[in-house]
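One structure is given here, and the rest of the page talks about it.
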Amino acid sequence: MEFSKEFWCGKVQAISDAADKQETLWLNDKMVSCESYRENMTLTAEDIADASRRLERFAPYICEQFPETMDSGGFIESPLKEIPNMKKALEKEFDFRISGRLFLKMDSHLPIAGSVKARGGIYEILKYAERLAISNGYLKETDDYRILMTKECMDLFHKYTIQVGSTGNLGLSIGIISAKLGFKVIVHMSSDAKQWKKDMLRNKGVTVIEYEGDFCLAVSQGRAKSEKDPLSYFVDDENSTDLFLGYSVAGERLKKQLDSLGVCVDADHPLFVYLPCGIGGGPGGITFGLKEAFGDNVHCFFAEPVHACSMLLGLATGRHDEVCVQDFGLEGKTRADGLAVSRPSRLVGKIIGPMISGVMTVQDERLDIFVKMLMESERYYIEPSACASFAGVLHRDALKSYMLNKKILSYAHQAVHIAWATGGSLVPDIERIY
Ligand SMILES: *Cc1c(COP(=O)(O)O)cnc(C)c1O
């Protein structure tokens, strides 16, 4: 009975809180310095650089096909904004001071797909398209990638089908880029997916298959269907290194943005980043990239709904995808549709195990309050899932003890906090609640 719910609840306070459906913060006792985990890592800075160069090769193509990326030269990147009015609103709501500065990383407004999935999802499809075009003799790495817009290339891509399982946003991102390149696309949607996301995809010629069950079912059905077709490629959100690396490029890009705003990050000016987490690939890849960019001066926390805290359970037990939220009496249902995942990714859990600072949970009701607060204070709309990133301020006391432990509490007033807003700009007006 070593791995029963009772065993873990007795052993780890945060697991006991999670099973009681209480908000909590789990601090990672297996976290080590960057220097010590790098020795054992299968992925390296060179893998990020490789992804970064690939996105550079594609920039002329992206720029031409998606004019909204013109200003950024074909790079899919989002603004970083300081949100002092939101900070004041949070301080008023919770009746305490937040030390340091508060920023919003607006992946909610990433071009093309309006969510963090525009990083990993689009990257994986571009990489696949590049490989196909090169192996068929249509493309060299030194070419102008706008060549991929020719009928020849699009006809080649049209022979292949891309499939993916999704709670919504990954499907949107993969569907949009794949359809643009010429691929046939099938998106397997879980019951949590919003109707407007399915409608938008169908309007782009994407086949959407709906399932009664949750995200894991949509993924396994999609994987099975794809395996039967030799001309089908499956984007595997549970196990994809390419997705992970697509997200990781965010680290060096954020560093450039902070530099250009004159915001210093060093041992005396610690950076705290709060990332909404579903299966783990998005926040995990970004964490890996941030650690490569800022080393031990960045402290990354994942944020999950109380009812779908699968990554917390996977990491705190060290058993990753061998545990699911149902094992702990939770249903996995949440209004944060992008985070409605009951079993975490083993691949991601193992990679980020030594680098993640902790995982926090937040009640669904708070997410709606945060949506409204951000809208009223800063006039930005981000979706409820993305608002999990404001959970960082809730767990003030636990964060204080973390800082004390890391010997940085005396620099708290110089800290930079970033709430990573993971989605929202494509949400239609009538779906917006505030
Ligand atoms: C997918 C998603 C996340 C989390 O990404 P994972 O890779 O599933 O962990 C967070 N926020 C939003 C809005 C998302 O769509």
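Sequence positions, counted from 1, serve as the residue numbers for this chain. Order of listing sets the numbers, starting from 1, for every ligand and every atom in it.
Heavy-atom separations between Cys277 and ligand 1 include at least one value shorter than 4.0 Å. Heavy atoms of Ala386 stay at 4.0 angstrom or farther from ligand 1.
Each of the following atoms of ligand 1 lies closer than 4.0 Å to a heavy atom of Pro276: 4 (C), 10 (C). Near Ser385, meaning under 4.0 Å from any of its heavy atoms, are these atoms of ligand 1: 13 (C).
With Phe94 as the aromatic partner, Arg396 does not meet the cation-pi criteria of under 6.0 angstrom to the ring centre and within 45 degrees of the ring axis.
With respect to atom 8 (O) of ligand 1, the closest heavy atom belonging to the protein is Ile279 N, 3.0 Å. Annotation: atom 7 (O) of ligand 1 to nearest protein heavy atom, Gly282 N, 2.7 Å. With hydrogens left out, the protein atom closest to atom 1 (C) of ligand 1 is Lys117 NZ, 1.3 Å, a heavy atom. The closest protein non-hydrogen atom to atom 4 (C) of ligand 1 is Gly278 N, 3.5 Å. Of the protein's heavy atoms, Thr422 OG1, 2.7 Å lies nearest to atom 11 (N) of ligand 1.
Between Tyr402 and Phe301, the ring planes lie perpendicular to each other; the angle is over 60°, past the 30° to 60° tilted range.
Of all non-hydrogen atoms in Ile122 and Ser173, the two that sit nearest each other are N-OG, 3.7 Å. Minimum interatomic distance between Ser108 and Ser425 (heavy atoms only, all atoms of both residues): O-OG, 2.6 Å.
Between the choices Leu275, Leu243, Val348, Leu339, the shortest heavy-atom distance to atom 10 (C) of ligand 1 belongs to Leu339.
Residue Asn169 has at least one nitrogen or oxygen atom sitting less than 3.5 Å from a nitrogen or oxygen atom of ligand 1, judged on distance alone. The shortest N or O to N or O distance between Gly280 and ligand 1 is under 3.5 Å.
For Lys350, the NZ atom is loosely surrounded, since the number of other residues' heavy atoms within 6.0 Å does not exceed 12.
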Enumerate, atom names and distances included, each donor-acceptor pair closer than 3.5 Å involving a side-chain atom of residues 66-77, sequence neighbours excluded.
residue, atom, partner, partner atom, Å
Glu68, OE2, Ile112, N, 3.4
Thr69, OG1, Ile62, O, 3.4
Thr69, OG1, Phe66, O, 2.8
Ser72, OG, Thr69, O, 3.1
Ser72, OG, Phe75, O, 2.5
Glu77, OE1, Arg119, NH1, 3.1
Glu77, OE1, Arg253, NH1, 3.1
Glu77, OE2, Lys105, NZ, 2.8
Glu77, OE2, Arg119, NH2, 2.7

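For the salt bridge (Lys or Arg N to Asp or Glu O under 4.0 Å) with Glu210, the qualifying choice from Lys197, Lys194, Lys198 is Lys198, the only one to do so.
Side-chain atoms of Thr161 and Ser232 include no donor-acceptor pair closer than 3.5 Å.
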